[in-house]
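Letters go in sequence order (proteins before strands), and every chain restarts at 1.
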There are 2 protein chains.
Amino acid sequence: MEKKLTDKQRDLIESFGVVQESMGLSPASARVNALLTIADTVELTFDDIREALELSKSATSNAINNLLMLKRIGYKTKPGDRKRYFYSKMGQWQDAFMDSMNGLTGYNELLKNILKNRTKDSIEFNAQLKELTDFIDYYQKESIKIIKNWKK
Amino acid sequence: MEKKLTDKQRDLIESFGVVQESMGLSPASARVNALLTIADTVELTFDDIREALELSKSATSNAINNLLMLKRIGYKTKPGDRKRYFYSKMGQWQDAFMDSMNGLTGYNELLKNILKNRTKDSIEFNAQLKELTDFIDYYQKESIKIIKNWKK
DNA sequence: TTTTTAGTTCTGCAATAAGAGAACTAAAAA
DNA sequence: TTTTTAGTTCTCTTATTGCAGAACTAAAAA
């Protein structure tokens, strides 16, 4: 049993939850992740989470496993204690940014392929499409540079 | 009535459609946008789109209006012709990048707010959270810089 | 005035997502 | 050995999405 959340914390969990829903998480996953970002105790058990968010066991289990798969959270165990202690994987956002940049490659390949297969008649349209693929290449390279330059 | 699509074009529309679905568009919207990127004719009417993609009128109407709202497409009319001619708004991608960067501000404000309200006891966690908000500030500023530097 | 055009809106259905609650399971404790 | 713990999995319900098809509408054409 965990320390109860303050009203302010509940508010923040709700706000952060909504934002993360808009970024693709299910309501329950979004709130679990928010809870692990906002609660005073950094490591919470299954039941801490269930009670704090008033979720069913299935919703809690699915949300946790979803976040584990996404590597948004991790867990550790303590000697002589069967429970898992879940925590937000905050330190891993740089990799996430990097991944999203590298993810652009496939998208841009597709755009280049579209351009290659386009009729040569639509000169202006093709020029715009070319500029877009150039821009994405540029943006990707520069972004990776600035990420690498961070605190170095 | 428009020129029929080649098999290659159908393939590309499907691939691009799937990618855009994963970026939040509905199946129909994703395909309409893909069609307007891939078809030889750059400007297509409602019925061109409906026939090319074999959609119902309602699906076509909703997809088009959805894309118009998102400013992913635009339309023009021709003198003495009541139809609207829809086209992909390719040239406006930089603005979209810019918008998504500016959109980070709200997210980061929320994170800063969370940090401000956290217990001071979780020293390492708070330090990580602080580093994240610093990074987002940095990344946002640098990204805007590189976007502005594009072809200038 | 009637008909056609270029859509929009409404109705209904099928598929999917999200979560509650209960049944289940495997390991540890009693 | 039985019970408890720490979850997982299954079943059911409800809500939402996405679309087809039909009914509708407003402007233009005939």
Side-chain angles (χ1 to χ4, degrees), chain A residues 1-2 13-14 16-36 41 43-70 72-87, chain B residues 1-2 13-14 16-36 41 43-70 72-87:
Chain A
M1 259 215 186
E2 252 319 297
I13 289 170
E14 188 50 28
F16 196 36
V18 168
V19 171
Q20 291 187 111
E21 268 187 79
S22 80
M23 292 162 46
L25 295 186
S26 75
S29 291
R31 268 130 200 103
V32 170
N33 200 42
L35 174 66
L36 291 175
T41 314
E43 292 163 3
L44 297 178
T45 67
F46 187 97
D47 276 311
D48 292 338
I49 295 170
R50 231 206 60 239
E51 282 163 27
L53 300 176
E54 297 173 88
L55 289 172
S56 69
K57 291 180 97 184
S58 63
T60 308
S61 176
N62 290 329
I64 286 174
N65 287 316
N66 180 238
L67 292 169
L68 283 173
M69 251 178 31
L70 296 172
R72 304 280 294 261
I73 65 173
Y75 68 86
K76 55 167 66 163
T77 52
K78 299 181 181 183
D81 183 349
R82 191 145 65 96
K83 290 190 286 297
R84 289 186 289 174
Y85 289 81
F86 300 96
Y87 57 87
Chain B
M1 262 215 186
E2 254 318 297
I13 289 170
E14 187 51 28
F16 197 35
V18 168
V19 171
Q20 290 186 113
E21 268 186 79
S22 78
M23 290 165 41
L25 296 185
S26 75
S29 290
R31 267 127 200 105
V32 170
N33 200 42
L35 175 67
L36 292 175
T41 314
E43 291 162 4
L44 297 178
T45 67
F46 187 97
D47 276 313
D48 293 338
I49 294 170
R50 229 207 58 242
E51 282 163 27
L53 299 177
E54 297 173 87
L55 288 172
S56 69
K57 293 180 94 182
S58 62
T60 307
S61 176
N62 290 328
I64 285 174
N65 286 317
N66 179 237
L67 292 168
L68 283 172
M69 250 179 31
L70 295 172
R72 302 282 293 262
I73 66 173
Y75 67 86
K76 55 167 65 162
T77 51
K78 298 180 181 183
D81 183 348
R82 190 146 64 97
K83 288 189 287 297
R84 289 185 290 175
Y85 290 79
F86 300 96
Y87 57 88

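A donor-acceptor pair under 3.5 Å links the side-chain atoms of B/Thr60 to the main chain of B/Ser56, judged by distance alone. Of the possible polar contacts, none joining the A/Thr41 side chain to the A/Leu44 backbone as a donor-acceptor pair under 3.5 Å is found. Distance alone, capped at 3.5 Å, is enough to place a donor-acceptor pair between the B/Arg31 side chain and the B/Pro27 backbone. A distance-only check finds a donor-acceptor pair linking the side chain of A/Ser22 to the backbone of A/Val19 [under 3.5 Å]. Between the side chain of A/Asp48 and the backbone N or O of A/Thr45, at least one donor-acceptor pair lies under 3.5 Å. The closest donor-acceptor contact from the side chain of A/Asn65 to the backbone of A/Ser61 lies under 3.5 Å. At least one donor-acceptor pair under 3.5 Å links the side chain of B/Asn62 to the backbone N or O of B/Ser58.
Residue B/Tyr75 places its OH atom among 12 or fewer non-hydrogen atoms of other residues, nucleotides or ligands, all under 6.0 Å distant.
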* Dump the intermediate steps for side chain to side chain contact (heavy atoms under 4.5 Å, CB included) on B/Arg72 and B/Gln20, then the final yes or no. => CA-CA 12 Å; B/Arg72 302 282 293 262; B/Gln20 290 186 113; 3.0 Å; yes
* Before giving the answer on side chain to side chain contact (heavy atoms under 4.5 Å, CB included), spell out for A/Lys76 and A/Glu43 the whole-Å C-alpha distance, their side-chain angles and the decisive distance to 0.1 Å. => CA-CA 9 Å; A/Lys76 55 167 66 163; A/Glu43 292 163 3; 2.9 Å; yes
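Non-hydrogen atoms lying under 4.0 Å from DNA chain C are contributed by A/Ser56, A/Ser58, A/Ala59, all within residues 56-64 of chain A. Taking a 4.0 Å limit (strictly below) on heavy-atom distances, residues 17-30 of chain B reaches DNA chain D at B/Ser26, B/Pro27, B/Ala28.
Rounded to a whole Å, the CD1 atom of A/Ile49 is 16 Å from the C1' atom of C/dG19. The interatomic distance linking B/Lys83 (NZ) with D/dA28 (C1') rounds to 12 Å, in whole Å. Look at CZ on A/Arg50: it is 10 Å from P on C/dG21, rounded to the nearest Å. Here the P atom of nucleotide C/dG19 and the CD atom of A/Glu54 are 14 Å apart, to the nearest Å. Look at CG on A/Asp47: it is 16 Å from P on D/dT4, rounded to the nearest Å. In this entry the distance linking CZ of B/Phe86 with C1' of C/dT8 reads 12 Å, nearest Å. A straight line from CD of B/Glu51 to C1' of C/dT5 spans 14 Å, rounded to a whole angstrom. Remark: C1' of C/dT8 and CG of B/Leu55 are 16 Å apart, rounded to the nearest angstrom.
If you check every strand for non-hydrogen atoms under 4.0 Å, A/Asn65 touches sugar and phosphate atoms only.
When base pairs are accepted only as Watson-Crick or G-U wobble with both N-N or N-O distances under 3.5 Å, DNA chain C takes part in stems of 3 or more pairs at C:1-30 with D:1-30.
Within the cation-pi definition used here (under 6.0 Å to the ring centroid, within 45° of the axis), A/Lys83 does not qualify as a partner of A/Phe46.
Contact between the side-chain N/O atoms of A/Arg84 and the OP1/OP2 oxygens of D/dG7 is found at a separation under 4.0 Å.
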